[in-house]
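Data block below; observations after.
Atom set for the values below is all heavy atoms of this structure, side chains included, hydrogens, waters and symmetry mates excluded. Note that the structure is a prediction, hence the values are computed from the model and not measured. In what follows, chains are A, B, ... by sequence order, proteins preceding strands, each numbered from 1.
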Number of protein chains: 2
Amino acid sequence: MDKFDNKILHELKNDGRISNVELAQAIGLSPSATLRRVQDLEKKKVIQGYRAVFDKEQLGIGFVAYVSIGLNSHTKQAQLDFEEHVRFEKEVVECHNITGANEYLLRVESASLAAYKRFHSDVLGECERVKSISTMVVMDSPKDER
Amino acid sequence: MDKFDNKILHELKNDGRISNVELAQAIGLSPSATLRRVQDLEKKKVIQGYRAVFDKEQLGIGFVAYVSIGLNSHTKQAQLDFEEHVRFEKEVVECHNITGANEYLLRVESASLAAYKRFHSDVLGECERVKSISTMVVMDSPKDER
DNA sequence: GGTGAAACGTAGGCCGT
DNA sequence: ACGGCCTACGTTTCACC
């Protein structure tokens with residue numbers, strides 16, 4: 001992990017589809033050496049993959065919220081039950097197990113407030129393990145580098 | 001935005017570097033038609049870009065937390081001051097303006113707990129607008145599709 | 001790490017529906 | 001307006017230095 005590798009990661013973060021020749025001249029190495037490094041980083045799983053990023057509004061995602069969830073039991077089984085409950089809900093984009101007053105923090109992306117209400121009642125409200133739900137609606141994201 | 005476009009987006013979310021010919025056969029169209037659609041989606045900014053995703057642990061990110069921030073003033077100026085304060089902090093990966101008891105939710109990625117402590121004291125503690133700080137340490141992320 | 005050449009993919013014009 | 005075919009061009013990839 002020398003400065004060339006760091007440059008590679010920097011470039012690939014900005015543009016995951018940059019061509020190998022462009023990448024090579026951006027970091028100051030030949031295309032073949034660059035390719036070997038990239039392949040090596042992929043093999044070592046430093047680079048886990050590549051993803052396209054989309055405009056949520058144009059895809060009909062008009063409502064984003066972080067939802068803090070408290071469970072009624074602190075057992076491992078309760079956690080597994082809850083995780084299973086949200087795993088296949090496509091509106092749940094992230095699920096984090098956190099420290100603090102509540103056990104979980106979700107990022108939920110819905111089409112609208114109405115759609116979120118449905119999610120709130122039908123998914124979260126129907127999970128027996130859920131004790132408390134606290135919704136933080138995202139009004140703006142002045143920084144989002146993920 | 002028909003079913004072909006949706007398939008394209010689905011494939012590019014899974015693998016942003018899939019080749020056009022592979023993408024074409026995955027969605028059941030010819031390469032040229034596929035390419036035109038992809039270029040069109042890029043032009044319309046439905047596809048905003050492509051990014052490589054990395055293994056944070058291998059890059060020395062051993063500590064991730066969501067931090068809820070309350071300000072001591074609800075004015076627009078206070079918000080702008082705070083946003084400016086975190087904009088150039090590279091440990092702050094996300095900054096969301098939210099509804100609820102506190103105004104902001106940050107995602108912070110640090111090398112270690114010690115590094116986070118430094119961030120907590122030197123960055124957040126030194127911002128005069130900040131009234132309350134509540135840290136939720138991420139212990140696990142059973143789902144993270146971003 | 002660099003060079004070169006073969007294999008492969010891209011990108012755009014053209015035609016048919 | 002949209003998909004398929006064809007082809008020149010560029011890029012990737014690998015054996016070799």
Side-chain angles (χ1 to χ4, degrees), chain A residues 1-62 90 93 109-112 115 144-146, chain B residues 1-62 90 93 111 144-146:
Chain A
M1 285 294 297
D2 58 6
K3 65 166 184 170
F4 290 115
D5 285 323
N6 282 321
K7 277 188 179 179
I8 286 174
L9 296 182
H10 182 255
E11 295 297 326
L12 287 178
K13 193 180 196 81
N14 285 337
D15 180 6
R17 268 200 127 162
I18 187 174
S19 81
N20 189 56
V21 293
E22 270 186 287
L23 180 60
Q25 67 187 75
I27 69 168
L29 243 51
S30 74
S32 61
T34 306
L35 184 63
R36 274 194 294 264
R37 281 171 177 270
V38 171
Q39 289 175 334
D40 209 46
L41 290 167
E42 288 169 349
K43 193 170 297 174
K44 289 191 299 188
K45 299 288 181 196
V46 176
I47 298 173
Q48 295 181 316
Y50 302 88
R51 283 189 182 171
V53 305
F54 307 129
D55 182 337
K56 293 185 190 313
E57 293 205 7
Q58 287 197 56
L59 293 179
I61 303 294
K90 79 183 233 302
V93 179
E109 298 181 351
S110 298
S112 62
D144 191 345
E145 295 188 339
R146 286 237 287 173
Chain B
M1 284 294 296
D2 57 8
K3 66 167 183 169
F4 290 115
D5 285 323
N6 283 321
K7 278 188 179 180
I8 287 173
L9 297 182
H10 181 255
E11 294 297 325
L12 288 178
K13 192 179 196 82
N14 284 337
D15 180 7
R17 268 198 128 161
I18 188 173
S19 81
N20 188 57
V21 293
E22 270 186 288
L23 179 60
Q25 67 187 75
I27 69 169
L29 241 53
S30 74
S32 59
T34 305
L35 183 63
R36 273 194 294 265
R37 279 171 179 270
V38 171
Q39 290 175 334
D40 209 46
L41 288 167
E42 288 170 348
K43 192 170 296 174
K44 289 192 297 189
K45 300 288 181 195
V46 175
I47 298 172
Q48 294 182 316
Y50 302 87
R51 284 189 183 171
V53 306
F54 308 129
D55 182 338
K56 292 185 192 315
E57 292 204 7
Q58 287 197 56
L59 293 179
I61 302 294
K90 79 183 230 301
V93 178
D144 192 345
E145 296 188 338
R146 288 237 286 174

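- Judged purely by atom type and a 3.5 angstrom limit, A/Arg51 uses its side chain to pair as donor or acceptor with the backbone of B/Arg146.
- Salt bridge A/Lys7/A/Asp2: absent, no basic N to carboxylate O contact under 4.0 Å.
- Protein chain B touches strand DNA chain D; the 5'-most and 3'-most nucleotides with an atom under 4.0 angstrom of its non-hydrogen atoms are D/dG3 to D/dC5.
- Residue B/Arg37 contributes atom CZ, which lies 17 Å from atom C1' of C/dA11 at whole-angstrom precision.
- Shortest non-hydrogen contact noted between A/Gly16 and B/Arg17 is O-NE, 3.2 Å.
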Original post:
Would B/Leu59 and A/Leu9 count as a side chain to side chain contact (heavy atoms under 4.5 Å, CB included) if you check the C-alpha gap in whole Å, the side-chain angles of each, and the deciding distance to 0.1 Å?
Top reply: CA-CA 10 Å; B/Leu59 293 179; A/Leu9 296 182; 3.6 Å; yes
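- Residues B/Glu145 and B/Lys13 approach most closely at O-CE, 4.1 Å, considering heavy atoms.
- Note on A/Lys44 versus A/Asp5: no salt bridge recorded, every NZ/NE/NH1/NH2 to OD/OE distance being 4.0 Å or above.
- For DNA chain C, the neighbouring residues in residues 20-32 of chain A, judged by any heavy atom under 4.0 Å, are A/Leu29, A/Ser30, A/Ser32.
- Atoms CG (A/Asp40) and P (C/dG1) sit 10 Å apart, rounded to a whole Å.
- The distance from atom CD of B/Gln39 to atom C1' of C/dG13 is 13 Å, rounded to the nearest whole Å.
- Rounded to an integer number of Å, the gap from A/Leu35 CG to C/dA6 C1' is 15 Å.
- Judged purely by atom type and a 3.5 angstrom limit, B/Arg37 has no side-chain atom pairing as donor or acceptor with the backbone of B/Ile8.
- Annotation for A/Pro31 and A/Asn20: closest pair O-ND2, 2.9 Å, computed over non-hydrogen atoms.
- Protein atom CZ of A/Arg17 is 8 Å distant from nucleotide atom P of C/dA11, rounded to whole Å.
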